[in-house]
Structures are given as structure tokens and as C-alpha cells.
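A quick note: this is a predicted structure, and the numbers were derived from the prediction, not measured. Chain naming here is simple, since letters A, B, ... match the order of the sequence lines and numbering starts at 1 in each.
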Protein chains: 2
Amino acid sequence: MQTATLAHVARLAAVSENTVSRVIRNKGPIAEETRRRVLAAIEQLGYLPNRAAGALASSSSLIIGVLLPSLSNIVFPEVLRGIHAGLADTLYQPMIGVTDYDLDQEQRLLASLLAWQPAAIITTGFEHTQASRRMLANARVRVAELMDIDARPIDVAVGLSHRSAGVATARHLVSRGYRRIGYVGHDWTADRRAALRYEGLCQGLQEAGLSLVAEQRFDGPSSTLAGRDTLARLVEGDASVDAVAFSNDDMAVGGFMHCLAAGIAVPGRLALFGFNGLEIGQVLPKPLATIRSNRFLIGRVAVEKLLESGERSAEPQVIDTGFEIVAGATA
Amino acid sequence: MQTATLAHVARLAAVSENTVSRVIRNKGPIAEETRRRVLAAIEQLGYLPNRAAGALASSSSLIIGVLLPSLSNIVFPEVLRGIHAGLADTLYQPMIGVTDYDLDQEQRLLASLLAWQPAAIITTGFEHTQASRRMLANARVRVAELMDIDARPIDVAVGLSHRSAGVATARHLVSRGYRRIGYVGHDWTADRRAALRYEGLCQGLQEAGLSLVAEQRFDGPSSTLAGRDTLARLVEGDASVDAVAFSNDDMAVGGFMHCLAAGIAVPGRLALFGFNGLEIGQVLPKPLATIRSNRFLIGRVAVEKLLESGERSAEPQVIDTGFEIVAGATA
DNA sequence: CTGTTAGCGCATTCAC
DNA sequence: GTGAATGCGCTAACAG
């Protein structure tokens with residue numbers, strides 16, 4: 001079976017190809033009677049538009065290029081869910097690439113995404129190679145940079161201030177009476193946002209006349225396992241810490257597991273504080289004190305913003321999706 | 001800046017477009033000197049092939065359509081990671097759709113993926129609408145059906161036997177001395193694989209002259225929260241159960257949390273058994289007894305198999321990626 | 001409101 | 001080894 005084309009539909013409906021095209025794209029005025037005939041023909045033939053042809057002719061496609069740093073961290077699949085939710089009921093399709101937090105990899109993937117003439121590119125963070133920036137500037141696509149809003153975006157940024165989240169963490173712990181605060185983190189040479197939260201944390205403590213009394217960093221990506229082992233190292237080194245801020249919830253949940261196994265009372269002996277507000281933290285015997293970061297919302301809002309208009313606005317836009325303290329019971 | 005096309009490259013290299021096209025696709029014989037000149041021109045112009053044009057001309061694209069039932073369940077992002085790993089170092093790009101376990105939604109997404117003339121379609125399970133099957137039959141694409149191997153695939157199936165995994169669970173629990181075995185599950189009207197594991201579990205118990213002494217099913221998708229609450233309901237109803245098989249690790253981890261909070265000794269008073277082998281289960285104070293399902297491998301192997309050849313083989317192929325019992329310490 | 005005319009950028013025949 | 005011609009299926013002008 002030969003797949004139907006515009007020409008077949010046009011012949012069957014006894015109109016020109018152009019008219020069929022107009023009906024499909026809802027563009028230009030069409031007589032109700034004509035539209036009916038065309039739709040009937042489309043239905044009868046099971047016609048599916050060839051997107052490649054459409055993209056070539058219009059030099060723009062219904063593809064949204066999505067660049068994610070990782071799929072291992074549950075945070076990004078959640079952003080992707082939001083993107084999907086925003087794309088539902090549209091004809092756009094996401095084409096995704098995973099950069100492994102590598103800017104050169106991002107650049108390569110960006111090039112191959114742009115080869116499809118996507119309508120928009122969604123990526124994360126503000127760090128890109130010069131070549132990537134140049135490509136994005138030359139291509140006439142909308143660009144969203146997700147997660148972070150602590151810098152000037154290319155087009156639109158959607159996310160939260162990680163620095164502020166760090167400050168909020170410090171203030172919360174201080175207000176709860178903790179004074180000997182430690183930090184357990186992962187390797188954030190590639191994770192600028194974790195670094196920003198750390199900076200905010202230090203700044204917030206400083207405002208209260210305090211500073212970190214201990215810190216321990218795992219040399220690798222964040223995980224529950226890393227959190228467990230790294231907290232163990234921290235308390236081994238300095239038993240006087242009364243609260244620990246973790247680089248994120250995965251690490252904090254791991255820390256909680258260490259406390260369970262080692263018989264450390266939480267929060268009596270040691271308070272724990274995470275970041276992200278993942279489900280797993282809220283199912284612990286004591287719900288994790290953390291900050292909710294609205295990942296799903298970030299993805300959805302980004303898509304909505306991008307589809308609002310085909311053109312960039314004169315000034316870059318910043319959309320703050322905010323965050324909330326989740327008090328929990330571990331701090 | 002106008003983006004460069006084949007024609008520009010051809011002019012600069014003083015050859016025909018055709019020759020440039022051959023160099024790019026490594027097809028047909030090319031004089032070394034010519035190739036050099038062409039590559040230099042490509043480099044100089046920063047030429048990027050327009051994939052839409054290529055797809056239109058060759059009526060086949062470098063797109064791999066991926067249909068996933070969900071992104072909320074960490075299992076599927078892991079499959080997607082495997083797919084990405086298999087696609088790395090190729091020019092193929094994944095275009096993804098999320099079906100929410102809805103076959104009609106799968107059909108709609110399939111139609112819009114096929115509109116891009118993808119080289120292959122990757123989907124999950126063996127249940128598809130008649131229309132979906134017809135589209136897949138008519139389109140000349142490779143098709144992989146992932147996760148499950150308990151039925152005859154359209155083209156290739158990659159996964160494990162969930163029925164066997166259920167049987168293995170039963171045998172393991174029985175061999176460990178448990179006799180009063182219960183089941184805690186989620187709503188699997190849409191999750192055929194969980195149902196298959198359940199069937200296998202019952203079958204395995206029957207082989208040992210046993211049957212489930214209690215079961216409780218959460219009316220919704222699986223989650224740690226659901227697992228916690230549903231186990232609570234189960235033990236409330238029948239306190240004599242000595243082991244519980246969960247529909248998956250998420251549910252089991254939730255169950256573990258309930259035991260922690262309710263002071264139920266694991267496995268002394270109650271043994272717990274999951275499915276998937278997620279990291280979170282292995283970080284519990286007692287590592288979860290479970291079955292590892294090799295999600296990453298499933299994705300990667302599927303891609304490798306699909307790219308092996310552009311044509312379906314005469315007979316459908318089944319690739320068993322297997323599973324292993326993770327003994328853990330909760331059973 | 002509808003039809004006509006031209007490409008979009010590339011791959012695929014064939015020649016030579 | 002290389003080039004010339006043709007068309008993939010559609011959209012974008014412009015007429016009328």
C-alpha cells in the first residue's frame with residue numbers, strides 16, 4: 001500500500017493541493033462545504049502529512065529539540081514530563097538529546113537537532129560553548145534555558161534561583177535553632193546549580209554570623225548511595241554537627257538511611273535537609289525537610305512560553321517558578 | 001547569515017552537488033583528493049545537512065520513534081538511557097512520545113511519529129490497537145517491542161519473561177521457608193507485565209502446594225506512597241502473613257517504610273520482596289530482596305538490534321535479557 | 001474563497 | 001570517478 005499524499009487527497013476531493021494544505025493547517029479562508037469534502041477525503045484515504053516535506057517547504061518543523069544533562073537523575077525525566085504535558089494537544093514532537101553534563105556534547109547534539117530546523121530548543125542552564133551560542137543565534141528558533149534563573153538568558157529562562165534556595169535553607173535551619181551546620185554534597189564541577197545552592201547556603205549562614213562547621217563532598221554524581229556513605233564520612237570526622245544540608249534529596253535520603261543503620265536519632269541528634277522535594281523523601285518514616293523545586297512545572301511553563309510566539313521578544317525573559325520550604329520532620 | 005547548503009559546498013569545492021552528497025554519506029567511490037577538498041569546504045562553511053530534505057528525498061529519516069508508557073516510573077527513563085547509549089556515535093535521533101499506558105494515545109502518537117518516516121519504532125509490550133498494527137505493517141520500519149517476551153512480536157522483542165520472574169519470586173520465598181505469603185500490588189489493568197508476574201507468582205506457589213494467603217491492591221499507579229499505605233492495609237487485615245511479594249520495588253520500598261514506622265521487624269516478623277532492582281532498594285538499612293530487570297540493557301540491545309539491518313527478518317526475533325534474584329536482606 | 005506556479009535541499013537514477 | 005537531470009511531498013507567494 002502506497003501512502004497517500006496531498007495530491008491523492010486533492011484529486012479525491014476535486015480541489016487543488018493547495019486547498020487541501022490550507023484545510024490541514026487551518027490557514028486562510030475555506031468554504032465550509034470544501035473543508036467538509038477535504039476532511040472526508042483525508043479520512044477515507046487515511047492520509048498522514050509527510051512532515052519532512054512540510055519542514056523542507058516551510059523551513060521550519062514541528063520538532064522541539066530538548067537537551068537534558070542526564071536521565072539518571074529523576075529530576076530531568078520530571079522536567080521532560082512537564083514538556084510532554086505542555087506539548088500534548090499540539091502537533092509538536094520532542095526530539096531529545098542527553099549531554100551527560102558535557103558542553104561539547106551539548107554542542108554536537110545541538111548541531112544535529114538544528115539540522116531538523118526545530119521550532120524551538122530547550123536546554124538547561126546558562127553554560128554553553130561559544131559555538132553553541134553562535135548556532136542558537138543564527139538559527140531562527142526560540143530558546144528556553146531551564147532550571148536556573150541566576151543569569152541573563154538567550155531568550156527565555158524558566159526555573160528558580162538556586163542561590164536563594166541555598167539562603168532559604170540556611171535561614172530555615174538557623175530559625176529552627178541549629179548552629180553547628182554541616183554540608184554533604186556531590187561533585188558539582190558540572191552541576192552549577194548545586195554550587196549556587198552551596199553559595200547561598202554559606203551566604204545565609206554568614207548573615208546569621210555562622211559558617212559551615214564541616215563539609216564532605218562525594219567525588220561523583222549524586223545518588224542515595226553516595227549520600228549514605230558521604231554522611232558517614234562526615235559524622236566520623238566531626239561528631240559535633242547538629243544539622244546537615246545535603247546537595248539534594250537523593251543525597252539526603254541516603255544520609256537518612258545511614259542514620260537509621262547507625263542509630264543516629266533524626267532530628268534529635270542530627271537534623272537533615274535536602275533539596276528538590278522528591279516523593280521518596282516524603283515517604284521516609286520521618287518526612288524529609290527539603291525545598292520543593294517544581295520540575296514538572298518548569299517543563300510545562302517553558303513549552304507554553306515558547307509556543308506563545310514564533311519570535312523572540314526584544315528583551316530576554318525570566319520566569320521564576322519559585323520554590324517552597326517543605327518543613328518535614330527531619331529538621 | 002544564510003545557512004549553507006549542498007550547493008554552496010559544491011561550488012566552493014568545485015565539484016557537483018552529487019559528489020558532495022556522496023562524500024557525506026560515504027557512498028560510492030571518491031578520489032581521495034576530491035574528498036579532501038569537499039571536507040575542507042564543509043568545514044569552512046560550517047555546513048550542516050538539512051535532515052528534512054534528506055528525509056524527503058530518500059523517504060526515510062534518521063529518526064527513531066520511541067513510545068514509552070510513562071516517565072514517572074523510573075524504569076522507563078532507564079530504558080531511554082539505554083536507547084540513548086545505543087544511539088550514541090550514530091546520526092540517529094530519538095523522537096519520543098509518552099502514552100500514559102493508553103493504547104489509543106499510543107496509536108495517535110504512532111501516527112505522528114510515522115509522519116516523520118522514522119527508521120525504526122521502539123515501543124513497549126505487545127498490546128496495540130488494530131490500527132496501530134496496520135500502520136506498523138504498512139510502514140517499512142523496523143519495530144522493537146520492549147520489556148516483555150511472553151508473546152509473539154511484530155519484528156523484535158527485547159526484555160524478560162515476567163511470568164518466569166513471578167515464578168522465581170515464589171520459589172525463592174518458599175525456599176527461604178516462608179509459607180504464609182501475601183501480595184501487595186497496584187492497578188495493573190494497564191500494566192500487563194505486573195499482571196504476568198502476579199500470575200507467575202501464583203503458579204510458583206501452587207507448584208509448592210501453596211497459595212496467596214492475603215492480597216491487597218492499590219487502585220492507581222505504583223509508588224512508594226502507595227506501597228506504604230497498601231502494606232499497612234494488608235497487615236491490618238491479616239497479621240499472620242510472614243512474607244509479602246510486591247508488584248515492584250517502588251511499592252516494596254514503601255512497604256519497608258511502613259515496617260520501619262510501625263516497628264515491624266524485617267524480615268524476622270515480615271519478609272519483603274520487590275521487583276526491578278532499583279538503587280533505592282539497595283540503600284535501605286537492609287537491602288531489599290528483589291529481582292534485577294536490566295532496563296538499561298533492554299534499551300541498548302533493542303537499538304543495536306534495530307540498527308543491525310534496515311529490513312525485518314522473515315521470522316520475528318525474541319531477545320531475552322534475563323533477570324537475576326538479588327537476595328538482599330529483607331527476605 | 002480557490003487555483004497556478006515555483007521552489008525548499010537533498011538523494012537517486014542514469015549517463016559519461 | 002564524476003556530473004546532469006529529475007522528483008520526493010509540501011508550502012508560499014501571487015493571481016484571480
Side-chain angles (χ1 to χ4, degrees), chain A residues 2-39 41-42 45-63 91 112 114-119 139-140 310, chain B residues 2-39 41-42 45-63 91 112 114-119 139-140 310:
Chain A
Q2 173 79 358
T3 78
T5 72
L6 261 198
H8 299 139
V9 176
R11 201 171 318 140
L12 183 57
V15 294
S16 72
E17 297 186 26
N18 196 315
T19 301
V20 178
S21 177
R22 283 190 187 107
V23 169
I24 288 172
R25 289 174 300 138
N26 266 318
K27 251 198 170 168
I30 297 282
E32 201 37 61
E33 155 64 9
T34 311
R35 145 178 275 108
R36 223 191 32 65
R37 268 211 331 276
V38 169
L39 291 178
I42 287 175
L45 294 175
Y47 168 73
L48 274 179
N50 180 323
R51 299 288 172 209
L56 180 58
S58 69
S59 63
S60 91
S61 74
L62 294 171
I63 289 174
L91 293 172
S112 62
L114 288 177
W116 286 102
Q117 320 231 68
R140 241 201 272 63
Chain B
Q2 173 78 359
T3 78
T5 71
L6 261 197
H8 299 139
V9 175
R11 201 171 319 138
L12 183 57
V15 294
S16 72
E17 296 187 28
N18 194 324
T19 301
V20 177
S21 177
R22 284 193 187 106
V23 169
I24 288 172
R25 289 173 300 135
N26 268 316
K27 249 193 171 173
I30 296 284
E32 202 36 60
E33 155 65 7
T34 312
R35 148 179 273 107
R36 224 189 33 65
R37 270 212 329 277
V38 169
L39 290 178
I42 287 173
L45 294 176
Y47 168 72
L48 275 179
N50 180 324
R51 299 287 172 210
L56 179 58
S58 67
S59 64
S60 92
S61 74
L62 294 171
I63 288 175
L91 294 173
S112 64
L114 288 176
W116 287 102
Q117 320 232 65
R140 240 202 272 65

With respect to the side chain of B:Arg25, which nucleotide from D:dC10, C:dT12, C:dC1 is positioned closest? C:dT12
In this structure, how many angstroms lie between the P atom of C:dA11 and the CG atom of A:Asn50, rounded? 15 Å
Ranking A:Tyr47 and B:Ala31 by the position along DNA chain D of their nearest nucleotide, the one closer to 5' is B:Ala31
In short, the helix from C:dC1-D:dG16 to C:dC16-D:dG1 is bent end to end, axes from five pairs each side, to 10°, by 20°
Check for a donor-acceptor pair, side chain of B:Ser61 on one end and backbone N or O of B:Ala55 on the other, with a separation under 3.5 Å. no
Residue B:Pro49, side-chain atoms from C-beta onward, closest of D:dT2, C:dG9, C:dC10: C:dC10
In whole angstrom, give the distance that lies between atom CZ of A:Arg51 and atom C1' of D:dG9. 12 Å
Hey, are the side chains of B:His8 and B:Leu12 touching, using non-hydrogen atoms and a 4.5 Å cut-off? no
Within this structure, what is the CD-to-P distance between B:Glu33 and D:dT2, rounded to whole angstrom? 9 Å
Could you tell me the separation between the CG atom of A:Leu62 and the P atom of D:dT11, rounded to a whole number of Å? 9 Å
Can you find a pair of side-chain heavy atoms, one from A:Val23 and one from A:Leu39, that are under 4.5 Å apart? yes
If we ignore hydrogens and angles and just use 3.5 Å, is the side chain of A:Ser58 paired with the main-chain N or O of A:Gly54 as donor and acceptor? yes
Contact class for B:Ser58 vs. all strands (heavy atom < 4.0 Å): base, sugar-phosphate, or nothing? sugar-phosphate
Non-hydrogen atoms of A:Leu56 and B:Ala52 that approach each other most closely: N-CB, 4.0 Å
Got a second to check how far A:Gln117's CD is from B:Asn50's CG, nearest 0.5 Å? 4.5 Å
Touch class at under 4.0 angstrom, heavy-atom based, for A:Leu56 against every strand present: base
Calculate the interatomic distance between A:Leu48 atom CG and D:dG9 atom C1'; express it in whole Å. 13 Å
Heavy-atom contacts under 4.0 Å between residues 12-23 of chain B and DNA chain D, which residues? B:Val15, B:Ser16, B:Asn18, B:Thr19, B:Arg22
Does A:Thr34 place a side-chain N or O at less than 4.0 Å from the phosphate oxygens OP1/OP2 of C:dT2? yes
Answer yes or no: is there an ion pair linking B:Arg36 with B:Glu32, defined by an N-O contact shorter than 4.0 Å? no
Write down the atom of A:Trp116, the atom of A:Ile63, and the distance for their closest heavy-atom approach. CB-CD1, 3.8 Å
Taking the side chain as C-beta and beyond, is there a heavy-atom pair between A:Ile24 and A:Ile42 under 4.5 Å? yes
Please check: side-chain N/O of A:Ser60 versus main-chain N/O of A:Ala119, any donor-acceptor pairing under 3.5 Å? no
Please state how far atom CZ in B:Arg140 lies from atom P in D:dC8, giving the value in whole angstrom units. 15 Å
Taking C:dG9, D:dT2, C:dA11 as options, the one with an atom nearest any side-chain atom of B:Ile30 is D:dT2
Would you mind reading off the distance between A:Glu32 atom CD and C:dT2 atom C1', rounded to a whole angstrom? 15 Å
Starting at CH2 of A:Trp116 and ending at C1' of C:dC8, how long is that distance when rounded to a whole Å? 15 Å
